[in-house]
Amino acid sequence: MATTQSEDFEPVLPGPGASDYERYLRTDELLALQPDPARAAHRDELLFTTVHQSSELWLKLAWNEVDEAARLLEGGDSGGALRLLRRASLCLQYVTGQLDMLEQMSPWEYQAIRAQLGHGSGFDSPGFREIRRVSPPLGQAFHALRRERDLSLVDVYVHGREHEELYQLAELLTEWDERVNVWRFRHYKVVARIIGEEVVGTQGTPVELLGGLIKNKLYPELWQVRNELTELAKLED
Ligand code: HEM
């Protein structure tokens with residue numbers, strides 16, 4: 001007997017949800033994770049939670065790609081690492097872009113949301129915690145590869161055309177560092193705009209201290225080498 005088209009496309013995956021789309025993506029669970037605007041202390045809790053939760057998802061993808069990129073580099077697979085590092089930086093760009101949405105909240109009305117956060121603080125963001133964990137081994141794997149070829153960081157740049165993959169890696173590590181830093185700066189401006197620069201955060205940290213973190217670099221040597229290149233070019237003039 002011929003089946004109708006709708007029977008052909010009955011869900012085949014296990015789990016709750018009316019369709020395989022909902023079952024595979026577990027949309028019931030995912031969409032139950034945000035406060036209902038009608039019952040929340042403020043309806044913008046939906047906006048606030050959406051930005052934070054989606055940031056955590058992109059950060060999770062980002063750190064997984066960085067972690068795997070470090071492993072690939074340790075095995076000498078620079079091409080594979082480059083592919084993943086491009087993705088990781090793009091994740092950070094998205095997370096930075098969505099900070100714009102938070103500035104759609106009224107600073108006064110935000111205080112009603114803030115009152116719901118307990119001691120909740122971005123310092124405890126699982127995504128950023130993992131980024132802090134996986135970034136140093138990536139730097140170590142890159143430098144090990146460079147040393148294996150007996151190249152200084154200056155050599156990687158001056159002879160970049162002869163060591164294309166190492167050059168690309170150095171640039172993607174710099175990009176990763178820059179993206180994390182640009183997020184920090186942008187986040188600081190959001191904080192200043194929503195709660196002010198002269199207050200303390202939900203865990204007692206003065207916001208000014210957050211401003212100080214903007215100077216932090218994941219790979220300071222990759223920034224320092226640019227100074228050296230400029231000096232070197234002057235000497236060769
Ligand atoms: C209205 C929006 C936001 C406000 C007012 C805010 C406020 C703050 C404050 C005051 C701190 C300092 C630590 C503390 O005392 O809590 C902080 C740190 C932090 N926040 Fe936010 N935040 C906002 C949005 C976000 C978003 C969307 C994320 C994304 C995951 C985030 C992640 C972080 C992280 C990772 C830190 C630690 C900073 C670092 O390591 O450089 N925050 N935030």
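Every number for a ligand or one of its atoms is a count from 1 in the order of the listing. The model shown is predicted, which means the values in this text are computed figures rather than measured ones.
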Polar contact flag for S125 and ligand 1 (N/O pairs, less than 3.5 Å): no

Between R226 and T174, a side-chain donor and acceptor under 3.5 Å: yes

Residue, atom name and distance, where the atom is the protein heavy atom closest to atom 23 (C) of ligand 1: H187 NE2, 3.7 Å

Nearest-neighbour protein heavy atom for atom 14 (C) of ligand 1, which is reported as residue plus atom name and distance: S121 OG, 3.4 Å

T202: numbered ligand 1 atoms lying under 4.0 Å from its heavy atoms: 15 (O), 16 (O)

Between Q34 and T50, a side-chain donor and acceptor under 3.5 Å: no

Protein contact to atom 13 (C) of ligand 1 [nearest heavy atom, distance to 0.1 Å]: F123 CE1, 3.2 Å

Atoms in ligand 1 with a heavy atom of G201 nearer than 4.0 Å: 10 (C), 14 (C), 15 (O)

For ligand 1, the portion of W183 having any non-hydrogen atom under 4.0 Å away: side chain

E162-Y167 side chain donor-acceptor pair, cut-off 3.5 Å: no

Contacting atoms of ligand 1, where contact means under 4.0 angstrom from a heavy atom of L102: 2 (C), 24 (C), 27 (C)

Under 4.0 Å to a heavy atom of M105 - the qualifying atoms of ligand 1, by number: 1 (C)

Protein contact to atom 11 (C) of ligand 1 [nearest heavy atom, distance to 0.1 Å]: L210 CD2, 3.6 Å

Residue, atom name and distance, where the atom is the protein heavy atom closest to atom 26 (C) of ligand 1: H52 NE2, 3.2 Å

Min heavy-atom dist R132 to ligand 1 below 4.0 Å: yes

No-hydrogen, no-angle side-chain donor-acceptor test under 3.5 Å, N64 and E130: no

Side chain E56, main chain G127, donor-acceptor under 3.5 Å: yes

F48 ring center within less than 6.0 Å of Y110 ring center: yes

Close approach, Q98 and ligand 1, non-hydrogen under 4.0 angstrom: no

Distance-only side-chain donor-acceptor flag, E109 / H42, under 3.5 Å: yes

S55 N/O under 3.5 Å from ligand 1 N/O: no

Non-hydrogen protein atom less than 4.0 angstrom from atom 3 (C) of ligand 1: no

Atom indices of ligand 1, in the order listed, that fall short of 4.0 Å to a heavy atom of L213: 39 (C), 41 (O)

Side-chain H-bond candidate by donor/acceptor type, H143 with R146, under 3.5 Å: yes

For L13 against D20, the heavy-atom pair lying closest together: N-OD1, 2.9 Å

Region of R114 that comes within reach of ligand 1 [heavy atoms, distance under 4.0 Å]: neither

E175/R179 salt bridge by N-O under 4.0 Å criterion: yes

